[in-house]
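Atoms considered below: every heavy atom in the structure, side chains included; atoms not considered: hydrogens, waters and symmetry mates. Nothing here was measured: the structure is a model prediction, and the numbers come from that model. FYI, the numbering just counts along the sequence from 1.
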Amino acid sequence: MIIIEDLKDLHKSVNKQILLDKLHLDKVAMGGAAIISALIFAIANKDNSDHDNKN
């Protein structure tokens with residue numbers, strides 16, 4: 001039956017899209033975590049340099 005074949009193809013393409021979306025989300029999450037950790041690092045370094053200037 002043609003309909004069943006079309007559904008199988010549709011199912012494959014949907015699964016592929018879900019995988020691509022998941023990969024994209026993982027990359028975004030990793031990028032976000034990297035940015036946040038860089039900000040925290042920068043803030044920590046700024047605090048340390050403030051202490052150095054006072055002493």
Side-chain angles (χ1 to χ4, degrees):
M1 289 186 57
I2 293 171
I3 296 171
I4 290 174
E5 289 304 314
D6 284 349
L7 281 174
K8 282 182 184 173
D9 287 345
L10 180 67
H11 192 249
K12 279 182 192 167
S13 65
V14 167
N15 276 348
K16 196 178 289 181
Q17 190 59 48
I18 289 169
L19 279 174
L20 287 174
D21 286 350
K22 188 176 182 330
L23 280 173
H24 179 70
L25 284 174
D26 288 348
K27 282 183 188 167
V28 169
M30 283 170 60
I35 291 167
I36 290 167
S37 59
L39 281 172
I40 290 169
F41 186 69
I43 291 167
N45 279 347
K46 185 178 176 299
D47 288 347
N48 287 340
S49 65
D50 286 349
H51 291 301
D52 291 343
N53 291 340
K54 286 175 186 166
N55 293 342

Of Leu7, Asp9, Asn15, the residue whose pairing with His11 passes side-chain contact (heavy atoms from CB on, under 4.5 Å): Asn15
Same apolar cluster (I L V M F W Y, side chains within < 4.5 Å links), Ile18/Leu10: yes
Lys22: partners by salt bridge (charged side-chain N to carboxylate O under 4.0 Å, His left out), with sequence neighbours left out: Asp26
Salt bridge (Lys or Arg N to Asp or Glu O under 4.0 Å) pairs, two or more places apart, involving residues 10-19: none
Side chain to side chain donor-acceptor pair (under 3.5 Å) partners for Asp21, two or more places apart: Gln17
